[in-house]
Amino acid sequence: MSTEIKSHLTELLAHALAKVAPQQPASLITLERPKQAQHGDFSCPVAMQLSRILKRNPREIAAELVAALPPSDWLAQCEIAGAGFINLRLHPAAKQHVVRAVLGAGPRFGHSVRGQGQPVVVEFVSANPTGPLHVGHGRQAALGDAISALLDSQGFQVVREFYYNDAGAQIENLALSVQARAKGMDPDSLQWPADGYRGEYIRDIAADYLGGKATGGGRVAEVTGKNDPDDRDAIRLFAVAYLRREQDMDLLAFGVRFDNYYLESSLYTEGRVEQVVNAMVAAGKTYEKDGALWLKTTDFGDDKDRVMRKSDGSYTYFVPDVAYHVTKWERGFRRAINVQGSDHHSTITRVRAGLQAVGKNIPQGYPDYVLHKMVTVMKGGEEVRISKRAGSYVTLRDLIDEVGRDATRFFLVSRKADSEFTFDVDLAKSQSEDNPVYYVQYAHARICSVLEASQSGMTAETAGAADLTPLTSARELALLQRLGEYPEVLDIASREMAPHQVAFYLRELAGEFHSYYNAERVLVDDPALKRARLALIFTVRQVLVNGLALLGVGAPEKM
RNA sequence: GUGCCUGUAGCUCAACUGGAUAGAGCACCAGCCUUCUAAGCUGGGGGUUGUGGGUUCGAUUCCCGCCGGGCACGCCA
């Protein structure tokens, strides 16, 4: 595979470097992929960097390095170009090598053991059970799930976790809103709760509650409604169960599964919130003012101190959040990743400050954050405001129903997290055939079709045994090279927690395949050539399947 | 106003973390199906990378100043 080839070439250059400039560290050697084919398969800019240090002409240095390069079976040619680039060209055999690497590893091709089984908790979605999931949650679900899969592929032991804010003021708002509906109130009436939720779904919940229907089920405890609009506790329980159930169904439809759900309410019932507060007080990081308890977050880089316990005795939202993150640390997660909307970025300082204040030797940068920007939804040429309280809404369920699960997931994950996202629902619907996901899936379906038509009954074993030397055309070599890049794509994407790179890679691989498919015929008369080509597309299919699976997108055999 | 993020083709986005002539997809123009799926392929037009400086062999990338956009600055979450 390519990482193997790359490290081999790096080693060759390091040898040469040791001869030409013994003082310089081998770490100077980097290899990159030239954008243009005429610049070879790999390119090394080290001579230009050395030129400053050695105060010599870079092309001269490059010439000496090339002369000092040990011989290698994989290296076909190397030349000096431009300001002093050393361009390396591989022997076809080196590129053909990747086929056996892919087929040998199968679904695990591209995986590594870098994480060494280290436990990592990835927290995402974590929507309050106060309404259905919307597009922003969809972006987070697609992103968080793909990041989890990436880390998993690199040998980390990943736990996907969902944190429910099922205690606190917003839940009370929810209960009040449902109660108001149960009493026949309208959101426009004067008695409607000030911060109440106005959406139509509130009326549905109220109706089911009064009708004595059962809700919850599955992972959520079952709750039955009753015809009593005055029992706010019962209403609260019913509404939370109802909305958690709805969210579960949406996530299921989206193909996202969590390993663990953590309830904020449990932090109170287990006394963890109290413990955290006591620890902060004991550490001398708090003070009383205006009837409230404050945390000196300014000691940890915040621009002002924050209230922990309000004058009414209840805690502000970030206190249980700190307690929650203490549990992550105490559950053995030395690495924690939180996927959040960038609108919550001010919580980062507070949570981290709180973790410092409890004095458990938790590192300053704990947890890690991946922030994503908001999704702007366009519908009918107009922006749809996403506001739960106003009730105007584009739900994740709408998108799945209208655009399709695969397209929605691929689309939402194919932009880097910190770029703003415009999701035009009409466009995604009307032009769904132009969606990039179909392009990738189509490549997969085409390969399946050719393999079927070949009646070769090819398996990973037989493909791996094929003689690949007939694969020498420019397009075949390009395809082989592209296949070899996959492990590196996963490596970088997992380090940067940037799954969009996988989406782009898949598009490129699919493009390379479609070009090849149109230029050359796989099922040719020459049996050796046919066999080699079948093995090649068999390999492409494996990598497409691996990449799509990582993004939670299906790979249909027929389209 | 302060902090974080952001500005790349008409539109939506990339660019291997400092590399060679900044790339894809839509959209537009011209071609390709009696042959393994045309949801495809081939070619073409389209750019002062918001802007002005700086750092150096070399900048979309790093630093500084402006301009525009988003988000956050609650005893809401």
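The analysis underlying the following values was restricted to heavy atoms, covering all of them including side chains, and did not include hydrogens, waters or symmetry mates. In what follows, chains are A, B, ... by sequence order, proteins preceding strands, each numbered from 1.
- In this structure, CG of A:Leu31 is placed 16 Å from C1' of B:A20, rounded to the nearest angstrom.
- With a cut-off of 3.5 Å on both Watson-Crick or G-U wobble distances, the partner of B:A30 is given as B:U42.
- Base pairing of B:C73: its partner is B:G1, meeting the Watson-Crick or G-U wobble criterion (both donor-acceptor distances under 3.5 Å).
- For the C1' atom pair drawn from B:G40 and B:G25, the interatomic distance equals 14 Å after rounding to whole Å.
- Phosphate proximity of B:A77 to A:Ser346: absent, as no side-chain N or O sits under 4.0 Å from OP1 or OP2.
- B:C41: glycosidic angle beyond 90° from 0, hence anti.
- The phosphate of B:A77 (OP1 or OP2) has a side-chain N or O of A:Lys310 nearer than 4.0 angstrom.
- Regarding A:Asn87, its CG atom lies at a distance of 11 Å from the C1' atom of B:G19, rounded to whole Å.
- Between A:Arg446 and the phosphate of B:A38, there is a side-chain N or O to OP1/OP2 separation shorter than 4.0 Å.
- A salt bridge links A:Glu488 and A:Lys6; the closest N-O separation between the charged side-chain nitrogens and carboxylate oxygens is under 4.0 Å.
- Taking atom P in both B:G10 and B:C62, the straight-line distance is 24 Å, to the nearest Å.
- Among the nucleotides B:G3, B:C75, B:A77, the one closest to the side chain of A:Gln170 is B:A77.
- Note on A:Tyr442: a side-chain N or O is less than 4.0 Å away from OP1 or OP2 of B:A39.
- Within 4.0 Å (heavy atoms only), A:Ile492 reaches sugar-phosphate atoms of the nucleic acid but no base atom.
- Base orientation of B:U17: syn, the glycosidic angle falling within 90° of 0.
- Phosphate proximity of B:C41 to A:Tyr439: present, with a side-chain N or O under 4.0 Å from OP1 or OP2.
- Contact check, A:Ser515 against B:U42: a side-chain N or O comes under 4.0 Å of OP1 or OP2.
- Stacking here means ring centres nearer than 5.5 Å and ring planes tilted less than 30 degrees, and by that measure A:His344 does not stack onto B:A72.
- Checking B:C36, B:A77, B:C16 against every side-chain atom of A:Tyr317, the shortest atom distance belongs to B:A77.
- Picking from B:G19, B:A77, B:U21 the nucleotide with the shortest atom distance to the side chain of A:Phe85 gives B:G19.
- A:Lys416 has no side-chain polar atom (N or O) that falls below the 4.0 Å cut-off from OP1 or OP2 of B:C5.
- Under the 3.5 Å distance criterion, with hydrogens and angles disregarded, a donor-acceptor pair is assigned to the side chains of A:Asp166 and A:Ser265.
- The residue among A:Arg475 and A:Ile86 whose nearest nucleotide of RNA chain B is located toward the 5' end is A:Ile86.
- Distance check on atom P: B:A14 versus B:U6 gives 11 Å, rounded to whole Å.
- Between A:Arg33 and A:Asp41 no salt bridge is recorded (no basic side-chain N to carboxylate O distance below 4.0 Å).
- Among the nucleotides B:U6, B:C73, B:G19, the one closest to the side chain of A:Lys373 is B:U6.
- Straight-line distance between the C1' atoms of B:U35 and B:C28: roughly 32 Å, to the nearest whole Å.
- A gap of 33 Å separates the P atoms of B:U17 and B:G69, to the nearest Å.
- When rounded to the nearest whole Å, the span between CD of A:Gln340 and P of B:C5 equals 16 Å.
- Atom CZ of A:Arg415 is separated from atom C1' of B:G7 by 16 Å (rounded to the nearest Å).
- In this structure, A:Glu520 reaches the bases: a heavy-atom distance under 4.0 Å links it to at least one base atom across the strands shown.
- For the residue pair A:Ser494 / A:Arg114, a side-chain donor-acceptor distance below 3.5 Å is found, with atom types taken as modelled.
- Rounded to a whole Å, the OH atom of A:Tyr505 is 17 Å from the C1' atom of B:A15.
- If you check the side chains of A:Asn128 and A:Thr130, you find no donor sitting under 3.5 Å from an acceptor.
- Salt bridge annotation for A:Arg350-A:Asp321: absent, with no cationic side-chain nitrogen under 4.0 angstrom from a carboxylate oxygen.
- At B:C73, none of the side-chain N or O atoms of A:Lys304 fall inside 4.0 Å of OP1 or OP2 (strictly under the cut-off).
- Phosphate proximity of B:A15 to A:His500: present, with a side-chain N or O under 4.0 Å from OP1 or OP2.
- Among the heavy atoms of the strands lying under 4.0 Å from A:Ser43 is at least one base atom, whether or not backbone atoms are also near.
- The listed nucleotides are B:U21, B:U37, B:G19; the one nearest the side chain of A:Gln38 is B:U21.
- For A:Thr347 and B:A72, a side-chain-to-base donor-acceptor distance below 3.5 Å is absent, hydrogens and geometry of angles not being considered.
- At a cut-off of 3.5 angstrom, counting only N and O atoms as typed in the model, there is no donor on one side facing an acceptor on the other between the side-chain of A:Asn173 and the base of B:A77.
- RNA chain B is contacted by both A:Glu32 and A:Asp303; A:Glu32 maps to the nucleotide lying nearer its 5′ end (nearest heavy atom per residue).
- Both distances falling under 3.5 Å, in either a Watson-Crick or a G-U wobble arrangement, place B:C66 opposite B:G50.
- Between B:C13, B:U21, B:G69, one nucleotide has an atom nearer to the side chain of A:Ser419 than all others, and that is B:C13.
- Between A:Asp305 and A:Lys289, no side-chain nitrogen of the basic residue sits less than 4.0 Å from a carboxylate oxygen of the acidic one, so the salt-bridge criterion is not met.
- The partner of B:U35, taking Watson-Crick or G-U wobble pairs whose two distances both stay under 3.5 Å, does not exist in any strand shown.
- With B:U17, B:A39, B:C13 as the choices, the nucleotide that has an atom nearest any side-chain atom of A:Phe504 turns out to be B:C13.
- Taking atom C1' in both B:A15 and B:G7, one finds a spacing of 16 Å when rounded to whole Å.
- Spacing between atom CG of A:Asp343 and atom P of B:C73 amounts to 9 Å, rounded to whole angstrom units.
- With hydrogens and angles left out, the side-chain atoms of A:Asp406 and A:Gln441 include a donor and acceptor closer than 3.5 Å.
- The side chain of A:Arg52 has B:U56 as its nearest neighbour among B:A77, B:C75, B:U56.
- Under the Watson-Crick or G-U wobble criterion, with both distances below 3.5 Å, B:U12 is paired with B:A24.
- Atoms CG and CZ, on A:Leu506 and A:Phe410 in that order, are 6.0 Å from each other to the nearest 0.5 Å.
- Between B:C33 and B:U49, the two P atoms lie 41 Å apart (nearest whole Å).
- To the nearest angstrom, C1' of B:A22 lies 14 Å from NE2 of A:His39.
- Spacing between atom CG of A:Asn518 and atom P of B:G31 amounts to 18 Å, rounded to whole angstrom units.
- Across the C1' atoms, B:G58 and B:G18 are found 8 Å apart, a figure rounded to whole Å.
- Using a cutoff of 4.0 Å between basic side-chain nitrogens and carboxylate oxygens, A:Arg59 and A:Glu64 are not scored as salt-bridged.
- Of the listed nucleotides (B:C73, B:C75, B:A38), B:A38 has the atom at the smallest distance from the side chain of A:Tyr517.
- If you check every strand for non-hydrogen atoms under 4.0 Å, A:Ala445 touches a base.
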